[in-house]
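Shown next, in structure tokens, is the structure this report addresses.
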Amino acid sequence: APAPAPAPADPTAANPTTAPSSLSSPPPSSLFSLAAHAPVYWYYLLCRFSSAFMLCDFPACLHIAEAHLQSLAPLGDRHPDVAYVLHERAKVHHALALYPEARRGHEQASSIMEATLPADHPWAASVSQSIGLALSAGAGFAEAQERYCRAMQLRGIAFGTIHPAVADTLGSLAAIERMQGHVEEALALMDQALSIRRSAYGSENHLDVAAAMIQQGELQCIMCKYDEAREIFADALAIQRRLLGPRLHLDVARALLGTVSVQFALGEYTAALPLVDEATQVRLAILGALHPDYANCLQHRARVLFVQGQYAAALELHEQALAILESALGLDHPDVASAAQHVGVSCQFVMTIPPKERFEKADASLARALAIRRVRFGEQHPSVAETLGCLGSLRRGQGNLAEARSFLEQSLATRRRVQPIHMDVARALLSLGNLLCQQSKHAEAKVCFDEALDISKQIMGTADHPDVARIMTGLAATHEAAGRLRDAEMCLQSALRMQQTCLGPQHRETASSFHNLSLVLRAQGRIPEAQKMCEQALNQMETRLGPIHPDVARALNSLAELHRAQQHYDKASELYSRSLDIIEKTLGSTDIQFAEALNNLANVYSDNHKHNNAIPLYQRAVDAQKKVLGPQHRHVGITLRNLGINLQELGQNAEALKAYQEAYSIFVATQGPAHRDCKELKRVISYLRGDPLTEALSSAFTRIKSIKLNPRALLLRRKKPASKLNLLEHEVTPASPAAPGPADDDDDDVEMLDDAKPL
């Protein structure tokens, strides 16, 4: 057989600086009539393959590789040229996400080369790097890194340190470091690779330079250097447009999605959608609908839909992406874990799914993501911290605050260890602060919010951003709980301005800020302004989220409270009824908000002296609270006391006595017999048993009734309750629709102005 034609020194160095014509068709048939083993023909096939691969024309690549293998058949199946073509074909398989085929091809090529070529031959370096690439696709990071280091050593010996092949290996090592969360190390390697490519090619006018710039921009974005990243992506895209013209290319899609990442980080959601669509079209045309990169485009589009409040559509795309990734990568791949996490977060917001099924699905998806990431990366990895944060938000939404805090604190600790000044740390602090607010630990929460705001200013300066608006909302909650209502109002006005700028006037979070402002205005006694603000929030929520959503229920509840404070009892009861119906449909009868809604509706009936309507609602509220909070919880006692008041108003003293006695036993167990609530109930119980009506007994009963029936009682507080503001979290890893703290009735917040005299 004739001697094999000299192949290019290394496949990574063969890319031209300008793009050749389209290669969607196979080589001209006339060339196949040449002598079957002509070295010129072999070299022609290598050049055609290299050009087709550069233009991502993978069907043409496979066709050329098969033709080349057929022409090399007389050399036998253990010849270095055969190994080289097997190696090149395996690269195509890897690009098409056919990872098992790719690894088999690389290993077969490696076996031939080890038997026929010197150990330090450049081709051996190429195969070693390609095997490393296949290993990294399967998250075999340690073995992949070992392969890359071997390739780096061989290429340095063969070509010197300033060569595109060396830059290619540096880029692969940077990718491995990035996957393991070592962002600064990855950026240093990528800077070195880009410098080599610029030096080797002599200009910016090369696709390999643009590809290295994209990797560098992605790392800058991870490090929150958004302005630098945006500029890098724009420069890379300009190079690609200049060289490729209208041709479709995978690196163009990658540059577009890099820009999308910057836009998401800066809250520019509307501008991101056209770029996502363009990248999706490129990947679909080149790779098809079963490729992981196409699934990645689906996830980007789902993120846009999610922040627009289209939760069901976002969930559908995330589930479609998960199915593609499972099929292409297997069930325990890190990308599958990411997709499972997206499903777990998104499904919490789809209110058409029954509550129990919704939370079970979210829990299972997040637990699966966490298990995969712990096995692949260990405990101290950013992706593990991310999933822990999502689980913490889910537990908070379910009312399991102790477990939620544990998850959130673990997440924050890991984030701090990886990179202390990062927006991910600020978001972890925001989530923890929101939880502490829900637990009425407002001083601790304020420390978290202040630190989060300081980090965001270090990273983004004074720029408006949705994350800053969320932090300002958290600070407003701490001010509101401490009675600093003017400060709370200023924080919410600032948050609202940012949300209208970044998210638009019809966004869910913008509507939530209108709602929060109405609560603060109501607390200041500015009822007409509060009512106008609340009605605006309700209209926006119904438009954006539909009439059946927990946010709509909360706005209805707030509007009902405003009408109740003005003694518009019929209107208040209508709004409370609508809120109760929505909560039962979306969150279910086992959620604490359901018990709170029952209490609210019962209270307004009681205010309006419709005791027959109030009593069955209080009874249902007691049953619901016992299921969620346990039979000895203080809030169960409050509802039983309210029930007793209404029974006594109707003269049903025996039933009232039973309710009071059960409430008394709960108060003694939870607050001690010396507590004011216990003393007053003891006197009322004595009266119902037939003890003489003393002045103290009469005063105690009158005071209990006035506490229950006075709609302005909520403005007089003797302790710091959980803030009533609706707290917000990051859009990509949001909290589930969070329940407020355990249902707390107005009467428990009233300051007792005089002590009942002892009997």
Item to complete: State whether Arg578 and Asp581 are salt-bridged, where the test is any N-O pair (Lys NZ or Arg NE/NH1/NH2 against Asp/Glu carboxylate O) under 4.0 Å.
Response: no
Practice prompt. Would you mind reporting whether Arg415 and His422 have side-chain heavy atoms less than 4.5 Å apart?
Written response: no
Worksheet, complete the sentence: Taken to the nearest 0.5 Å, the spacing of Leu640 CG from Leu681 CG works out to 10.0 Å
Worksheet item: Any idea which heavy atoms bring Ala537 and His515 closest together, and the distance?
Response: CB-N, 3.5 Å
Worksheet item: Going from CZ on Arg554 to NE2 on His549, what distance comes out if it is rounded to the nearest 0.5 angstrom?
Response: 8.0 Å
Item to complete: Answer whether the closest heavy-atom distance between the side chains of Glu489 and His479 falls below 4.5 Å.
Response: no
Worksheet item: Just how far is it from atom CG of Leu408 to atom SG of Cys390, taken to the nearest 0.5 Å?
Response: 10.0 Å
Worksheet item: What are the two closest non-hydrogen atoms of Val260 and His300, and how far apart are they?
Response: CG1-CD2, 3.8 Å
Fill in: Gap between atom CG of Leu432 and atom NZ of Lys441 - 0.5 Å precision
10.0 Å
Practice prompt. Quick one: sort the Phe349 and Phe306 rings into parallel, tilted or perpendicular, breaks at 30° and 60°.
Written response: perpendicular
Discussion item. Show the nearest heavy-atom pair for residues Arg522 and Ser558, with the distance to one decimal.
Written reply: NH1-O, 4.3 Å
Fill in: Residue from Leu580, Ile583, Asp551, Leu538 passing side-chain contact (heavy atoms from CB on, under 4.5 Å) with Leu556
Leu538
Discussion item. Does Ser406 form a side-chain hydrogen bond (donor to acceptor under 3.5 Å, both in side chains) with Gln410? I'd like the steps, not just the answer.
Written reply: CA-CA 6 Å; Ser406 175; Gln410 290 178 62; 3.3 Å; yes
Worksheet item: Parallel, tilted or perpendicular: which describes the rings of His611 and His609, with under 30° parallel and over 60° perpendicular?
Response: perpendicular
Worksheet item: Would you find a donor on one side and an acceptor on the other, under 3.5 Å apart, between the side chain of Ser494 and the backbone of Cys491?
Response: no
Discussion item. Using every non-hydrogen atom in the two residues, find where Ser456 and Val468 come nearest and quote the distance to one decimal.
Written reply: OG-CG2, 3.9 Å
Worksheet entry | Candidate list Leu521, Val520, Leu485, test side-chain contact (heavy atoms from CB on, under 4.5 Å), partner Arg526, passing option | Leu521
Worksheet item: Counting only N and O atoms by type, is there a donor-acceptor contact under 3.5 Å from the side chain of Asn646 to the main-chain atoms of Asn642?
Response: yes
Item to complete: Assess whether side-chain hydrogen bond (donor to acceptor under 3.5 Å, both in side chains) is satisfied between Asp623 and Gln619, documenting all intermediate values.
Response: CA-CA 6 Å; Asp623 292 339; Gln619 290 169 335; over 6 Å; no
Item to complete: Verify whether the ring centers belonging to Tyr576 and Tyr605 lie closer than 6.0 Å.
Response: no
Fill in: Cationic N near anionic O, under 4.0 Å, Arg470 to Asp467
yes
Worksheet item: Charged N to carboxylate O under 4.0 angstrom, Glu451 versus Arg416?
Response: yes
Worksheet item: CD1/Ile353 to CD/Gln348 distance, rounded to the nearest 0.5 angstrom?
Response: 10.5 Å
Fill in: Side-chain ion pair, Arg405 and Glu444, N-O less than 4.0 Å
yes
Fill in: Donor-acceptor contact below 3.5 Å, side chain Gln536 vs main chain Lys532
no
Discussion item. If you apply the rule side-chain hydrogen bond (donor to acceptor under 3.5 Å, both in side chains), what do you find for Ser589 with Glu584, and how did you get there?
Written reply: CA-CA 6 Å; Ser589 60; Glu584 187 168 17; 5.6 Å; no
Response to the item:
Rounded to the nearest 0.5 Å, the CD atom of Glu574 sits from the CG atom of Asp570 at a distance of 9.0 Å
